Amino acid sequence: MPSRLPGAESRGGLVLQGLVAFLKGLGASRLMAMIAVTAALIGFFAFVIMRVTTPQMTTLFTDLSTEDSSGIIKDLERQAIPFELRNEGAVIMVPKDKVTRLRMKLAEGGLPKGGGVGYEIFDKSDALGTTSFVQNINHLRALEGELARTIRAIDRIQAARVHLVLPERPLFSRETPEPSASIVVRVRGSLEPQQIRAIRHVVASAVNGLKPQRVSIVDEAGQLLADGAKGDADNAIGDERRAAYEKRMRNQVEAIISSVVGAGRARVQLSADFDYNKITQTSDKYDPEGRVLRSSQTREESSATAENGGQVTVNNELPGNAQNRDGAAVARDQSKKSEETNNYEISRTTKTEVTEVGRVNRISVAVLVDGSYVKNEKGEQVYQERNKEQLDRIAALVRSAIGFDQKRGDQVEVVNLKFAEAPVVPPVVEPGGLLGMLQFTKHDVMYVIELGVMMLLGLVVMFMVIRPLVRRILASEEVPALAKDSALPALTDGSEATGQSLIPGALPSAIDIAQVQGQVHAQSVHRVGELAERNPNETANIVRQWLTEPAT
């Protein structure tokens, strides 16, 4: 192996000795300060680098049950994908660039299941070893789970639980008990009446023999949304029909008035009084003049009696002697009877009238129109009220639009008032060109702001904390060698050139070089140079004395 050069070893030793001497010269307090500043600086920049390099997290799934959250976490750990849990495990955050792929991958594995068991319960079941009771229970669980998933797909519903009661027909019974269902939902805000009816009809259509009136719905606060009463369902249908009728008529009136007074210059309120009573009426009408022959029957009868003049003997009764017997008969009595029966049907008319729910009893319309605006001599917009003739024409249009009927008590009122001035909202200008292409989301903007704040904080720490500390530590080592033990020798004019007279410590002791730096240090060096120019002999003696002194 090649031997090391003596010069290299000596230089390495000198560097090491210089480093040790430098550290000793700093002192314990300055050394600890440098170590603390270095550690803080390393920790701060490590935090900044880790925060910048950490991928941006976004929501993968929300409102997860404990079972779904556990299954998703196991799959993420198996794929070594970083994730964050929030809201006690109900929300899972993953890197933004992997959200789409993870959702498709988890959907392939059937996650999330939605907190319930669906028809997948039959995928791994052993049909040979299960009884009919277990099969029926599994079928009921699967049906409840599937219905709960379907209900959660409706807007404003966060979670749902479905309980079905499917009774079996008892033996030797003619009546079959009706099935029923109860649903508990957790909603965001409140459900509209049509959404509640939609849930009831969805569940009733999915279960054989279940009627919508047998479905009860309760929210998480214990409020009864649907109790299964038939009257409530009819009233809800009637209210919805009335609301739809009022909305349709109001839109028609607003459209026809806006075409006259201008868009946004008319307000219409329409109220319709509906009759929700269902009436069934049956009437029979008979017409005596409209007779129709239904059946006719005729019957005729005739009879005659005769007296026999001869004697009744055996000879007279023989067949050959019949002629003699007839000739001898003498007619005594003869009668004839005729009878005729006619059945007539009187004409009859049967009429049945059924009046459905939702008859309009009365309509009330209130129309508020704005006046017209004209320019005066100065060119300013001046408000001008509409005359009575214009209001009458508008009222006539409204009556024609709603089908005004004075007999049922309809009422139309048209009033002209000045509208309050709406606050002027500046139009929203959509960015175009390159700005239009760069559509930043809220997460992107917050991420950029976070990076900017961290960079600004890093610069503040560098220039306001680290830089002054480093300058102060390094400046303390710039003290010249001649001030190691004391100040420079004080050279005055007229002093003798003796070695003993130039004792270190002659400079003013009031100058603290460790604290006063910069200008004071430059002034001291300039003063030493002036003294050396004025006293060259004494300066030479001092240098010779330094050279003869042994190195310490």
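Predicted model only: the values in this text are computed from it and were never measured.
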Surrounding [atom1] of [X] (heavy atoms of other residues, nucleotides or ligands, distance under 6.0 Å), is the total greater than 12?
X: Arg399; atom1: CZ; answer: yes
X: Glu340; atom1: CD; answer: yes
X: Glu339; atom1: CD; answer: yes
X: Asn343; atom1: CG; answer: yes
X: Gln406; atom1: CD; answer: no

Residues in salt bridge (Lys or Arg N to Asp or Glu O under 4.0 Å) contact with [X], at least two apart in sequence or another chain:
X: Lys388; result: Asp392
X: Asp284; result: Arg348
X: Glu389; result: Arg393

Verify side-chain contact (heavy atoms from CB on, under 4.5 Å) between Val91 and Thr59, making sure each step is shown before the conclusion. CA-CA 7 Å; Val91 179; Thr59 304; 4.0 Å; yes
Would you say the side-chain atoms of Asn87 pair up with the backbone N or O of Ala90, donor to acceptor, closer than 3.5 Å? no
Do any N or O atoms from the side chain of Glu246 and from the backbone of Ala272 form a donor-acceptor pair under 3.5 angstrom?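 Answer holds: yes.
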Go through the structure and list residues passing side-chain hydrogen bond (donor to acceptor under 3.5 Å, both in side chains) with Arg174, not counting sequence neighbours.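 Checked Arg174 against side-chain hydrogen bond (donor to acceptor under 3.5 Å, both in side chains); zero matches.
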Partners meeting side-chain hydrogen bond (donor to acceptor under 3.5 Å, both in side chains) with Asp97 (sequence neighbours left out):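 Listed in chain order: nothing, the list is empty.
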So, taking the atom named [atom1] in [X] and the one named [atom2] in [Y], what distance separates them when rounded to the nearest 0.5 Å?
X: Asn208; Y: Leu143; atom1: CG; atom2: CG; answer: 10.5 Å
X: Asp227; Y: Gln213; atom1: CG; atom2: CD; answer: 11.0 Å
X: Asn251; Y: Ile256; atom1: CG; atom2: CD1; answer: 13.5 Å
X: Gln384; Y: Asn416; atom1: CD; atom2: CG; answer: 10.0 Å
X: Glu144; Y: Arg149; atom1: CD; atom2: CZ; answer: 12.5 Å
X: Ile72; Y: Leu85; atom1: CD1; atom2: CG; answer: 10.0 Å

With side-chain hydrogen bond (donor to acceptor under 3.5 Å, both in side chains) as the test, would you mind laying out the steps for Arg362 and Ser364 before giving the verdict? CA-CA 7 Å; Arg362 187 171 63 89; Ser364 300; 2.8 Å; yes
Please determine whether a side-chain nitrogen of the Lys or Arg among Glu84 and Arg86 lies less than 4.0 Å from a carboxylate oxygen of the Asp or Glu. yes
Indicate whether the side chain of Ser296 and that of Asn342 have a donor and an acceptor atom separated by less than 3.5 Å.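 Yes - a donor-acceptor pair under 3.5 Å links their side chains.
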Identify all side-chain donor-acceptor contacts of residues 185-195 below 3.5 Å with residues at least two apart in sequence or on another chain.
| residue | atom | partner | partner atom | Å |
| --- | --- | --- | --- | --- |
| Arg186 | NE | Gln158 | OE1 | 3.2 |
| Glu192 | OE1 | Gln194 | NE2 | 2.5 |
| Gln195 | OE1 | Glu192 | N | 3.1 |

Does anything in residues 250-263 pair up under salt bridge (Lys or Arg N to Asp or Glu O under 4.0 Å), and if so which pairs, sequence neighbours excluded? none
Salt bridge (Lys or Arg N to Asp or Glu O under 4.0 Å) contacts touching residues 400-411 (sequence neighbours left out):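 Listed once each, the pairs are Arg408-Asp410.
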[Y] side chain reached by [X] side chain, heavy atoms, under 4.5 Å:
X: Ile217; Y: Leu224; answer: no
X: Ser271; Y: Ile363; answer: no
X: Val415; Y: Glu413; answer: yes
X: Ile402; Y: Val365; answer: yes
X: Val414; Y: Leu368; answer: no
X: Leu166; Y: Val207; answer: yes
X: Ile257; Y: Val398; answer: yes
X: Leu164; Y: Leu147; answer: yes

Shortest non-hydrogen contact from [X] to [Y]?
X: Lys211; Y: Ala204; result: C-CB, 3.9 Å
X: Val354; Y: Thr280; result: CG2-CG2, 3.9 Å
X: Ala266; Y: Val261; result: CB-CG2, 4.0 Å
X: Arg103; Y: Phe61; result: CG-CZ, 4.0 Å
X: Leu270; Y: Met249; result: CD1-CB, 3.6 Å
X: Asp370; Y: Phe419; result: OD1-N, 3.4 Å

Expected list for residues 176-184: side-chain donor-acceptor pairs under 3.5 angstrom, two or more places apart:
none

Listed partners of Tyr373 passing ring pair (Phe, Tyr, Trp, His ring centres under 6.0 Å), at least two apart: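 Ring pair (Phe, Tyr, Trp, His ring centres under 6.0 Å) check on Tyr373 returns Tyr383.
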Can you list every pair that meets side chain to side chain donor-acceptor pair (under 3.5 Å) and has a residue in residues 71-83, with sequence neighbours left out?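 As it turns out, the side chain to side chain donor-acceptor pair (under 3.5 Å) pairs with a partner in residues 71-83, which skip direct neighbours, are Asp75-Arg78, Asp75-Gln79.
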Step-by-step side-chain contact (heavy atoms from CB on, under 4.5 Å) determination, Lys98 to Leu102: CA-CA 6 Å; Lys98 299 181 180 179; Leu102 284 176; 4.2 Å; yes
side-chain contact (heavy atoms from CB on, under 4.5 Å) between Leu106 and Leu60, worked out: CA-CA 10 Å; Leu106 294 173; Leu60 178 63; 3.9 Å; yes
Sequence neighbours left out, what pairs pass ring-ring contact (aromatic ring centres under 6.0 Å, His included) with at least one residue falling in residues 241-272? Tyr245-Phe274
Quick one: do Gln135 and Thr131 satisfy side-chain contact (heavy atoms from CB on, under 4.5 Å)? Show the steps, please. CA-CA 6 Å; Gln135 288 287 350; Thr131 61; over 6 Å; no
